[in-house]
Protein chains: 2
Amino acid sequence: MLAPSIPGYDYGKVQRSPVTVDEFKRLQSVVGFTDDDRQALSDAGELFADEAEALVDGWRKIIGSQEPLSEWFFGPDRKPDDEYKAAVKPRFVQWVVDTFTRPFDQTWLDYQEEIALRHTPAKKNKTDGVQAPPLVPLRYVLAFAVPVIADMREHLVRKNLPVDEIERLHAAWTKAVILTLTLWSRPYTKQDLW
Amino acid sequence: MLAPSIPGYDYGKVQRSPVTVDEFKRLQSVVGFTDDDRQALSDAGELFADEAEALVDGWRKIIGSQEPLSEWFFGPDRKPDDEYKAAVKPRFVQWVVDTFTRPFDQTWLDYQEEIALRHTPAKKNKTDGVQAPPLVPLRYVLAFAVPVIADMREHLVRKNLPVDEIERLHAAWTKAVILTLTLWSRPYTKQDLW
């Protein structure tokens, strides 16, 4: 599942995040993320082992249907850069797998910072050598939490799990997504306000 | 329900937000907020007409139990400033009522910007004339989405509603909370990155 051969997927090979494991433990406490949630994410990872790409396809369909979400993948001709989209996709799928399976340690924190930077002028487009807009604005990154959270619920419901089990897995996913987006907001934020 | 007599509650009397109704419509589209969600929020508002304070009490209990969340209410002696907490509370309760009942128009956008500013050095402490820390860091504002979203689900479950009805009301609440926090992130964000 670790797929280290994805171009531009540099997990474990990026600079240190300014966010420490101790700080992240405080954030985990705020969202109530426990060992049970870690287990639930792992269980969800097994349940969706063959569906990470299908999840991403669903989200990209939403992205593709709304220009305020899709225009960050446009080339200089203001049309979708299909090569760029194709290059990003396996990393997006791998983000799903990593969220389910990776421990939330310093290496994981470092990579969340890297992903965040790749949405900002500091690093956007550089991994893939493309000429798309230099930014995905923070407001769209944050608002996209809702489709990512809601869509997972629909996928869980379709698996005909008991209601309590849907709730357990969905709660863990919701916490993981909000924690991730909280980390991704960091390089967008003014000095000392994050 | 409008309670215009709350000290420091300046709905309709604050400066214009840089976020326009048109921009907000794009964000509503991203989270999939529809007229049905608006109706669901209104229905939830009736269901919780007498419980907005109980909801806030639950969240404040979480805040009070974790210093990374509560220290922004401390006075210069590093102890909770109880007068400050008491002054903020009715406005927090009114935020719940407003989220259920107010149209998401320019006046509402303006007030979300004002609330956001009151969490940053631009305006924190000024409304109540207190000497607490000058900031609630963005990471804690965003991460607190989880207790606010999860807790509402528990309250809905306790009302013994049909599963579909819980889902309908909770989905609308989730969208409203994420939209709100997205707006609140604006004054924290670096120039041109929001």
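Naming: A, B, ... by sequence-line order, numbering from 1 per chain. None of these values were measured; they are calculated from a predicted model.
Within 6.0 Å of the CG atom in B:D77, the count of heavy atoms belonging to other residues, nucleotides or ligands exceeds 12. For A:Q131, the CD atom sits in a loose shell: 12 or fewer heavy atoms of surrounding residues, nucleotides or ligands are nearer than 6.0 Å. Shown here is B:K89, whose NZ atom has more than 12 heavy atoms of other residues, nucleotides or ligands within 6.0 Å. Atom NZ of A:K159 sits in a crowded spot, with more than 12 heavy atoms from other residues, nucleotides or ligands closer than 6.0 Å. Annotation: A:D35, atom CG; neighbour count of heavy atoms from other residues, nucleotides and ligands within 6.0 Å does not exceed 12. For B:E83, the CD atom sits in a loose shell: 12 or fewer heavy atoms of surrounding residues, nucleotides or ligands are nearer than 6.0 Å.
Residues A:V88 and A:F74 are members of separate hydrophobic clusters, defined by side-chain heavy-atom contacts under 4.5 angstrom among Ile, Leu, Val, Met, Phe, Trp and Tyr. Linking ILVMFWY residues whenever their side-chain heavy atoms come closer than 4.5 Å, directly or via other members, leaves A:L117 and A:W95 in distinct clusters.
Salt bridge status for B:R26 with A:E67: absent, with no side-chain N to carboxylate O gap under 4.0 Å.
To the nearest 0.5 Å, atoms CG (A:L27) and OH (B:Y140) are separated by 5.5 Å.
In this structure, chain B has no heavy atom under 4.5 Å from any part of A:Q28. Heavy-atom distances place the side chain of B:L135, and not its backbone, under 4.5 Å from chain A. For A:L69, the part lying under 4.5 angstrom from a heavy atom of chain B is the side chain only. In this structure, chain A has heavy atoms under 4.5 Å from both the backbone and the side chain of B:A143. Contacts of B:R153 with chain A are made by side-chain atoms alone, with heavy-atom separations under 4.5 Å and no backbone atom involved.
Contact count versus chain B (heavy atoms, under 4.5 Å) is highest, among A:P137, A:S65, A:A171, for A:P137. Among A:T120, A:I63, A:L138, the residue with the largest count of heavy-atom pairs under 4.5 Å with chain B is A:L138.
When A:L181, A:L142, A:V30 are each tested for a side chain to side chain contact (heavy atoms under 4.5 Å, CB included) with B:L142, only one passes: A:L142.
Residues of residues 187-194 of chain A that come closer than 4.5 Å to chain B, counting heavy atoms only, are A:P187, A:Y188, A:T189, A:K190, A:D192, A:L193, A:W194, ordered by residue number.
Counting heavy atoms from C-beta on, the side chains of A:I178 and B:I178 come closer than 4.5 Å.
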